[in-house]
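Below is one structure; the comments refer to it alone.
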Amino acid sequence: MKLWVLLTLALLLLELQNGASRHVKRQKDAPENGLRLGRKKVNSKVRNSDVRGKAQTILTQVLNKGRFLRLGDTLTLNPGKTLELRCKGTKIGWAYPSYLDTFNDSRLSIKQHEKFGQLTLTSPSAADTGEYSCWVVLCDGEECESDRVSATYIYFTDKDELFVPSAIHFEIVYLRPDKSATVPCRVTTPKASVSLHREVPPEEVFADGSLISYNPTKGFILQKPSPEHAGAFYCKANSTTKTTPQVSTKYQLLYVEVPSGPPFATIEASSNEVSGGDIFNITCSVLGEPEVEVSFSWRYPGQDQRPVSIHDSWRLINRGMGHTTRISQSVMTVDDVETIDFGNYICTAKNTHGETSVATLVNSYD
C-alpha cells in the first residue's frame, strides 16, 4: 500500500515539473513587443514600407468631403468640375500646361499655405489636358533647387473633343536627321484609337511601334526622320463613345537642312568703295534652323556720332528636296557718306548655341 502511494506521488511531481517547463517555453516564444502571435511583425513592416513608398509622391487631389487621392502617372476626369491639387511642403513650385499661361487664364489659382501648396482650376475643359506637377523648393540663401518632384498627366475626357484643342489650326513640325520628331496630336482619353495620315498622296502612315509610335500624352513619335517624311499630315481618332471619327489639326512637316550650332553668318556691302554723299548698305545674313531666333548687333565707324538705319527680318526658304531653312538678315543703311563712315563694319549674330562675328571694309574712292 505504501509503495502504491509513493509511486502515485512520484508521477504527480513529474507532471508538475513538465507543466512548469512548458510554461517557461511559451514565455520565451512570445514576441518581445507584446503583440499577439496572430499579428505577425512581418505584416507591420510591410505596411510601413508601403507608407514610405507612397510618401514619395506628394501630389494629391482633393475629393469631396475632405477626402484625398494620392495621384499616380495618369488621371482621367470629366470636364466642368473644379480641380483642386495639393502638395505637402512649406514652399511648393508648380508646372501645368503652358496653354493656361499663354492666355493668362483667370480660372487657374495657385496659393501657398503654411503646410501645403494648392492649385485650383475651375471649369476645366478638354483643352486643359496635360501634365500637372509640383515639387518642394529648397533654398540656401539665394540659391534654390527642387526636390521630390511629383507629376501626373490629367485627361479631361470630352466625347465631343477627342483631340486636345489647339488655338493653332496649322502647325509646323521640324524634322532633323539627328533627333526624333513629334506630331503632337494628343487625345483627351487614353482609350482613343489614333492613326496618322498624309494628305498628298492620301494615305495612312503605318505606325510600327518602333520607327513610328504613338503616345497619347505626346502624339506620333518619328524616331529617325528623313526627307520622305516631309509633307502635310493629320491625325484621325476613333472612340467607342463616338460613331464618327474626328480629325485633328493639320501639321506641315519640314525637313531641316542646317544642323544645330552657332550662326553661320555672311556679310556683304552694296559697294566697298564709296564717295562723299553716296548711300550704301551692308547686309548680314544667317542660315539656320527654322525655329531658332537670331539677334544681331553692329560695330561701325562713327558709331554714336552718325545716324544709321538698321532693319532686321527673317523668312523660311525651301532649298529643294523638302529641305527648309530660316534666313535671318540685318541690313544697315548709311546715307550721305562722310569721311567718318570709312572703315570696318562688324556684324555679330547670336542664337541659343553661340555667336559669330563677320566684318567687311568700306573705303573711299579717293
Side-chain angles (χ1 to χ4, degrees), residues 73-74 76 95-100 102 125-132 151 153-239 242 244-260 288-293 316-319 321-326:
D73 293 334
T74 62
T76 301
Y96 40 83
S98 58
Y99 158 85
L100 293 168
T102 303
S125 66
D128 300 316
T129 296
E131 184 177 83
Y132 293 76
Y153 193 93
I154 301 180
Y155 297 94
F156 289 101
T157 299
D158 187 338
K159 64 179 181 179
D160 296 322
E161 295 281 1
L162 293 182
F163 289 105
V164 178
S166 172
I168 303 173
H169 299 291
F170 190 85
E171 295 189 36
I172 295 177
V173 177
Y174 297 108
L175 309 176
R176 296 178 177 80
D178 57 343
K179 61 172 62 177
S180 62
T182 301
V183 180
C185 49
R186 299 180 296 127
V187 288
T188 61
T189 170
K191 297 180 180 179
S193 175
V194 187
S195 55
L196 180 64
H197 299 259
R198 182 190 291 271
E199 281 198 333
V200 181
E203 61 182 2
E204 180 178 346
V205 179
F206 176 66
D208 60 3
S210 178
L211 293 178
I212 301 179
S213 60
Y214 184 72
N215 183 328
T217 68
K218 296 179 180 179
F220 281 96
I221 302 171
L222 284 64
Q223 294 295 341
K224 296 181 179 180
S226 66
E228 289 73 22
H229 291 128
F233 291 80
Y234 64 91
C235 300
K236 185 184 291 185
N238 291 277
S239 172
K242 196 171 181 66
T244 58
Q246 284 190 6
V247 175
S248 72
T249 293
K250 292 184 179 181
Y251 303 94
Q252 183 68 42
L253 276 58
L254 302 176
Y255 192 79
V256 177
E257 179 184 21
V258 180
S260 301
E289 299 174 88
E291 78 277 27
V292 176
E293 295 185 359
L316 296 179
I317 58 175
N318 189 341
R319 297 173 65 85
M321 295 295 293
H323 294 70
T324 302
T325 301
R326 173 177 175 142

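Here Tyr251 contributes atom OH and His197 contributes atom NE2; the two are 13.0 Å apart, rounded to the nearest 0.5 Å. Here Thr76 contributes atom OG1 and Phe156 contributes atom CZ; the two are 10.0 Å apart, rounded to the nearest 0.5 Å. The NZ atom of Lys159 lies 11.5 Å from the CD atom of Gln246; values are rounded to the nearest 0.5 Å. The OG1 atom of Thr188 lies 5.5 Å from the CG atom of Leu162; values are rounded to the nearest 0.5 Å. Residue Phe233 holds its CZ atom at 5.5 Å from CG of Leu253, rounded to the nearest 0.5 Å. To the nearest 0.5 Å, the span separating OG on Ser193 from CG on Asn238 amounts to 5.5 Å.
Around CG of Asp73, the count of heavy atoms belonging to other residues, nucleotides or ligands within 6.0 Å does not exceed 12.
Side-chain atoms of Leu222 and Val183, non-hydrogen and from C-beta on, do get closer than 4.5 Å to each other. For the pair Ser166 and Tyr99, the minimum side-chain heavy-atom distance is 4.5 Å or more. Contact of the Tyr96 side chain with the Ile154 side chain is not registered, since no non-hydrogen atoms from C-beta on lie closer than 4.5 Å. Contact of the Phe220 side chain with the Cys185 side chain is registered, since non-hydrogen atoms from C-beta on lie closer than 4.5 Å. Side-chain contact check for Ser125 versus Asp158: every heavy-atom pair is 4.5 Å or farther apart. A heavy-atom distance below 4.5 Å is found between the side chains of Glu293 and Arg326. Counting heavy atoms from C-beta outward, Cys235 and Tyr214 have side chains that stay 4.5 Å or more apart. Tyr153 places a side-chain heavy atom less than 4.5 Å from the side chain of Arg186.
Residues passing the salt bridge (Lys or Arg N to Asp or Glu O under 4.0 Å) test with Glu131: none are found, sequence neighbours excluded. By the salt bridge (Lys or Arg N to Asp or Glu O under 4.0 Å) test, Glu171 pairs with no residue at all, sequence neighbours left out.
The minimum heavy-atom distance between Lys224 and Leu211, with the atom names listed, is CD-CD2, 4.3 Å. Scanning all heavy atoms of the two residues, the minimum distance from Tyr255 to Ala230 falls at N-CB, 4.4 Å. Of all the heavy atoms in Pro245 and Lys236, the pair that sits closest is CB-CG, 3.8 Å. Contact detail for Pro216 and Pro190: the closest heavy-atom pair is CB-CA, 4.5 Å. Contact detail for Ser195 and Glu204: the closest heavy-atom pair is CB-OE2, 3.5 Å. Residues Thr129 and Pro97 share a closest heavy-atom pair of O-CG, 4.1 Å.
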*Show your reasoning for whether side chain to side chain contact (heavy atoms under 4.5 Å, CB included) applies to Tyr155 and Thr74.*
CA-CA 8 Å; Tyr155 297 94; Thr74 62; 4.2 Å; yes
_Test side chain to side chain contact (heavy atoms under 4.5 Å, CB included) applied to Val173 and Thr182, step by step_ = CA-CA 7 Å; Val173 177; Thr182 301; over 6 Å; no
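Here the side chain of Ser248 pairs no donor or acceptor atom with the backbone of Tyr234 at under 3.5 angstrom. In this structure a side-chain-to-backbone donor-acceptor pair under 3.5 Å is present from Thr189 to Lys191.
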